[in-house]
Amino acid sequence: MTTLDSTLFPPSIFSSKIKVHKKLAADHARTAMQIYIAVVNELVKHMATHPSVTLLGHSRGGAIALLDAVFMVSHLPDWVFLQYIGYGLPRVGNQA
């Protein structure tokens, strides 16, 4: 277990008590910004409609999608509807 990456999850928002699986955190950190940029670009294209983002994943992909969802909640504006659906994912972190 390791703490959240402070460059992605600001310590002012996320407690240092939160621990995540080390390998899942590393996999998420590798792709988080590219996924975030792609999502923001699509939101800009579709501003006229009610903006929404659905993150979906199964197994390891579900765990990464969960970390992406937590990341995006803290980075996207409140008016964006964010939904997460995960199936059969491993335990991502501790209770915190």
Side-chain angles (χ1 to χ4, degrees):
M1 300 295 263
T2 187
T3 57
L4 292 170
D5 182 338
S6 62
T7 61
L8 298 173
F9 299 93
S12 60
I13 299 173
F14 296 96
S15 168
S16 62
K17 294 179 183 178
I18 299 172
K19 306 288 184 200
V20 295
H21 186 280
K22 192 180 234 182
K23 182 71 171 139
L24 291 174
D27 289 347
H28 174 260
R30 250 192 323 277
T31 60
M33 288 313 294
Q34 292 112 338
I35 292 170
Y36 177 73
I37 290 167
V39 167
V40 168
N41 287 336
E42 288 302 312
L43 286 171
V44 169
K45 284 183 197 174
H46 302 285
M47 284 280 226
T49 61
H50 181 70
S52 67
V53 175
T54 300
L55 296 153
L56 172 70
H58 173 262
S59 191
R60 185 173 198 79
I64 301 299
L66 177 60
L67 289 171
D68 278 328
V70 173
F71 170 74
M72 288 192 194
V73 162
S74 65
H75 289 79
L76 291 176
D78 291 342
W79 47 264
V80 174
F81 175 74
L82 185 67
Q83 177 178 316
Y84 164 76
I85 303 169
Y87 298 97
L89 58 148
R91 184 175 179 136
V92 178
N94 63 358
Q95 190 64 33

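Rounding to the nearest 0.5 angstrom, the gap separating the CZ atom in Arg30 from the CD1 atom in Ile64 is 8.5 Å. Rounding to the nearest 0.5 Å places CG of Asp27 at 9.5 Å from CG of Leu67. Distance CZ/Phe71 to CG/Asp5: 9.5 Å, rounded to 0.5 Å. The structure places OG1 of Thr2 at 6.0 Å from NZ of Lys22, a figure rounded to the nearest 0.5 Å.
Applying the side chain to side chain donor-acceptor pair (under 3.5 Å) rule to pairs touching residues 8-21 yields nothing, sequence neighbours excluded.
Around CG of Asp78, the count of heavy atoms belonging to other residues, nucleotides or ligands within 6.0 Å does not exceed 12.
By the rule that hydrophobic residues join a cluster once side-chain heavy atoms approach within less than 4.5 Å of another member, Ile37 and Leu55 end up as members of separate clusters. Linking Ile, Leu, Val, Met, Phe, Trp and Tyr residues whenever their side-chain heavy atoms come within less than 4.5 Å leaves Ile85 and Leu66 in two separate clusters. Leu56 and Met72 end up in different hydrophobic clusters when Ile, Leu, Val, Met, Phe, Trp and Tyr side chains are linked at under 4.5 Å. Both Ile35 and Val44 belong to a common hydrophobic cluster when Ile, Leu, Val, Met, Phe, Trp and Tyr are linked at side-chain heavy-atom distances under 4.5 angstrom. Both Ile13 and Leu76 belong to a common hydrophobic cluster when Ile, Leu, Val, Met, Phe, Trp and Tyr are linked at side-chain heavy-atom distances under 4.5 angstrom.
Using a distance-only test at 3.5 Å, with no hydrogens or angles considered, no donor-acceptor pair links the side chain of His28 to the main chain of Leu24.
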Q: Run the numbers on Glu42 and Val39 for side chain to side chain contact (heavy atoms under 4.5 Å, CB included), then give the verdict.
A: CA-CA 5 Å; Glu42 288 302 312; Val39 167; 5.9 Å; no
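Val40 places a side-chain heavy atom less than 4.5 Å from the side chain of Tyr36. Using a 4.5 Å heavy-atom cutoff, the side chains of Ser59 and Tyr87 are not in contact. Inter-residue side-chain proximity for Leu8 and Met33 is flagged as met; some heavy-atom pair is nearer than 4.5 Å. With a 4.5 Å cut-off on side-chain heavy atoms, Phe9 and Ile18 do not count as touching. For the pair Pro90/Lys23, no side-chain contact is recorded, criterion being any heavy-atom separation below 4.5 Å from C-beta on.
Shortest non-hydrogen contact noted between Val92 and Ala63 is CG2-CB, 3.7 Å.
With sequence neighbours left out, the ring pair (Phe, Tyr, Trp, His ring centres under 6.0 Å) criterion links Tyr84 to no other residue.
Here Phe81 sits alone; no ILVMFWY side chain lies under 4.5 Å from its own, so it joins no hydrophobic cluster.
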